[in-house]
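Here is how names work: the chains are called A, B, and so on, in the same order as the sequence lines, proteins then strands, and each is numbered from 1.
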There are 4 protein chains.
Amino acid sequence: MTSPASGRPLRADALRNRAKVLAAAEEVFAVQGTSASTEEVARKAGVGIGTVFRHFPTKESLLEAVLVALLERLAGEAEELRSAADPGEAFFGFFSRVVSRAATKQAVTEALAEAGVDARAATGRAGPGLRAALGALLERAQEAGAVRADVGAAEVMALLAGMSYAAGRAGAREDVLRIAFDGLRPCPDRAAARG
Amino acid sequence: MTSPASGRPLRADALRNRAKVLAAAEEVFAVQGTSASTEEVARKAGVGIGTVFRHFPTKESLLEAVLVALLERLAGEAEELRSAADPGEAFFGFFSRVVSRAATKQAVTEALAEAGVDARAATGRAGPGLRAALGALLERAQEAGAVRADVGAAEVMALLAGMSYAAGRAGAREDVLRIAFDGLRPCPDRAAARG
Amino acid sequence: MTSPASGRPLRADALRNRAKVLAAAEEVFAVQGTSASTEEVARKAGVGIGTVFRHFPTKESLLEAVLVALLERLAGEAEELRSAADPGEAFFGFFSRVVSRAATKQAVTEALAEAGVDARAATGRAGPGLRAALGALLERAQEAGAVRADVGAAEVMALLAGMSYAAGRAGAREDVLRIAFDGLRPCPDRAAARG
Amino acid sequence: MTSPASGRPLRADALRNRAKVLAAAEEVFAVQGTSASTEEVARKAGVGIGTVFRHFPTKESLLEAVLVALLERLAGEAEELRSAADPGEAFFGFFSRVVSRAATKQAVTEALAEAGVDARAATGRAGPGLRAALGALLERAQEAGAVRADVGAAEVMALLAGMSYAAGRAGAREDVLRIAFDGLRPCPDRAAARG
DNA sequence: CATGAATGAGTGTTCATTCAT
DNA sequence: TATGAATGAACACTCATTCAT
């Protein structure tokens, strides 16, 4: 995701500018929400507004790029945990970390939500990356008996999005997460409890 | 919540218009999100823009009124279930119904999120109503052994907001809800599972 | 100026309302300027906005009525001074009093300005009243030798408007008035001074 | 006063537009009063409404800029008269010229009034410029014996504002000015006249 | 390529005026 | 007659997007 739609590679300084804009956008959207103005992003990035629009022809596309970058970063982190010693800890730890990050960055929640839906083309492209990496973490945790066997990656993604939202908006991070985690763990006499 | 801040009760026709505006706003915000324009609301309500602003002097106040109405309606429904035959079914059924409604109405999610935080004055007034009604449902379900004893109303509200968000954005309603519900149920050997 | 344009006389309560509105308008316009809203006037008068518009069909006409009332009151005061013992003191005292009143009530200045120009029909009707009364004061003062003989009522009205404006906006009441008054007094060797 | 608050100098075309807007605003405000709409100014200037707001972020700031420009121009003209041959003629001539200009441009009167009061920050900055220049003219005229010695620049400014108002609104330019000028001239037997 | 001035549709809000109650 | 709800044109201001420099 570091080259433009047209085939030609970017000049070094153009690439640097693109990165500056992306970083600025991420921070601005995190702090002020996605309704922050493009000018604000340009200001923070230290470039002209024209430069922002050269790299991202619409505000929509800039937002998308931010979300994609976030998803890719998350996917990368999940990837690294693939060979962790304790699969259960790897899975739940990753989940927790994502949620706590979302608590301060709205955009993370939005990214997760869209990744699950494939609503936008670009996030749709990045979503599967995270889903696959998360799926791998999930499988290993299930094999180790730390997570119940009857849930799939899609549900976990949705749950992740939901908990991220709750963490950012409705307070009560730890306690709510505990409920979700308990719901993800195996529980032999569950059938009985369900009545 | 059907009379204006000023005190004096509204004339019959004014009340009717107020209701029309509120209903239109609820639908418009549900479909287009809360950034929909006030003009759109007026159009949908079939009244002039001035009428909307007469009843709700700022867009903010209109949004608040919508959220409050939603919360009050939910609280009312919870209230009615207070004496249901099966406390577990009452609690989980209510939870499900709220979530499925949120799937089509973004505003419900937002209302729940704000109700948990007391961010805005008005929703702060309505939030406790829902929280109390939900708390009553929760207690009865806990007494009946359908819900684990160590969760409080606050966590359940947050969970409700999170699941509503997930339902509306990230798809996968039923399956995700199943996980949350299992997390809310008692499970004797949980300690063991947590390792 | 206490009956409507149509011939029929007003009912007692209607007349009372008209007076209340006029008094409220005078105060509101004095404090907030003539751009204050008609609603504000209605509120201050303790009547509905419809009542204001029944008595004064446009905001313009309400403003006019206020100005006319002010002019009439000033004319009345001038009238009373007609037989004062010291004609010079009567003239200059009246002038001073008008100016100091204008310092706190913008509307007075506006009334004076319009009275001089006959711009609006209604004030045009009231203007001559003041001009005549002021003219009488002026003549007596001239006869007594307190005011130079070569100025007319029109110039004095204009000077009055100007000094009222200066008093309300540009501070320095007394000192500026002193200059104007000296300009109005006879001065035998004026021709010499003018070079 | 030809560069924006931000510091960096404007591009040539931007400067041209800024000037066009300022000129248009001056004319529009002169003709329609300061309550004329910003759109009207844009239309007259032949630019988009956004351009007006880019140069003057609020209507208030646009109005201020107009007043400041007027004051600076007047100050400049006064400056040029500093070394005129006849100090009395310089002083009274300048006074007359200002007043006759105000007769057609309301904004001039407003600028003078505000310059005397230092109400707004920006006019406060330009006001002293005019006051100083006018003060110099005044002093020289006093030294030449053309103006009485016991008046200061502040009173003259206030008188100027008042006469400008009278000229614009209440008609009777020349005659009224004659009175004011006579009040400003020395008159040995004034004490007697005041009796 | 980078810049930032120009654009104008769109937004929330106000207010004089009308008219049903 | 009095009321105040309804109306909609008008306003100040914002912002994504374009394009001349």
Tell me the partner of F:dT21, counting only Watson-Crick (N1-N3 plus N6-O4 or O6-N4) or G-U wobble (N1-O2 and O6-N3) with both under 3.5 Å; none if nothing fits.
-> E:dA2

Using heavy atoms and a sub-4.0 Å distance, could you list which residues of residues 29-54 of chain D are near DNA chain E? By number, please.
-> D:Val47, D:Gly48, D:Ile49, D:Gly50, D:Thr51, D:Arg54

Starting from C1' on E:dT17, measure out to CD on C:Glu60 and report it in whole angstrom.
-> 14 Å

C:Thr58 side-chain proximity, nearest of F:dA2, E:dT17, E:dA6 = E:dT17

List, one per line, each side-chain donor-acceptor pair under 3.5 Å for residues 38-50 of chain B, sequence neighbours excluded.
from	atom 1	to	atom 2	distance (Å)
B:Glu40	OE1	B:Arg43	NH2	3.0

Any side-chain heavy-atom pair from C:Asn17 and C:Asp13 closer than 4.5 angstrom?
-> no

Specify the closest pair of heavy atoms between B:Arg18 and B:Phe56, including all atoms of both residues, with the distance to one decimal.
-> NH1-CE2, 3.5 Å

Here the distance between atom C1' of F:dT1 and atom CZ of C:Arg18, to the nearest Å, is 16 Å

D:Leu62 CG - F:dC11 C1' separation (whole Å) | 14 Å

Mind calculating the distance between CG (B:Leu63) and C1' (E:dG12) to the nearest angstrom?
-> 14 Å

List the steps and the verdict of side-chain contact (heavy atoms from CB on, under 4.5 Å) for B:Glu72 and B:Val68.
-> CA-CA 6 Å; B:Glu72 287 181 336; B:Val68 167; 3.8 Å; yes

What integer distance in Å separates D:Arg16:CZ from F:dA20:C1'?
-> 12 Å

What integer distance in Å separates B:Asn17:CG from E:dC19:C1'?
-> 14 Å

Between D:Leu70 and D:Val108, what is the shortest heavy-atom contact and its length?
-> CD1-N, 3.9 Å

How long is the span from the NE2 atom in B:His55 to the CG atom in B:Leu22, to the nearest 0.5 Å?
-> 10.5 Å

From NE2 of C:His55 across to P of E:dT17 the rounded distance in Å is 16 Å

Report the distance from atom NZ of A:Lys20 to atom P of E:dC1, rounded to the nearest whole Å.
-> 16 Å

Under a 3.5 Å limit for both distances, which nucleotide forms a Watson-Crick or G-U wobble pair with F:dC15, could you say?
-> E:dG8

Side-chain donor-acceptor contacts of residues 23-34 of chain A below 3.5 Å, not counting sequence neighbours, with atom names and distances?
from	atom 1	to	atom 2	distance (Å)
A:Glu26	OE1	A:Arg73	NH2	2.8
A:Glu26	OE2	A:Arg73	NH1	3.2
A:Glu26	OE2	A:Arg73	NH2	3.3
A:Glu26	OE2	A:Lys105	NZ	3.2

Using Watson-Crick or G-U wobble geometry with both distances below 3.5 Å, tell me the partner of F:dA10, or none.
-> E:dT13

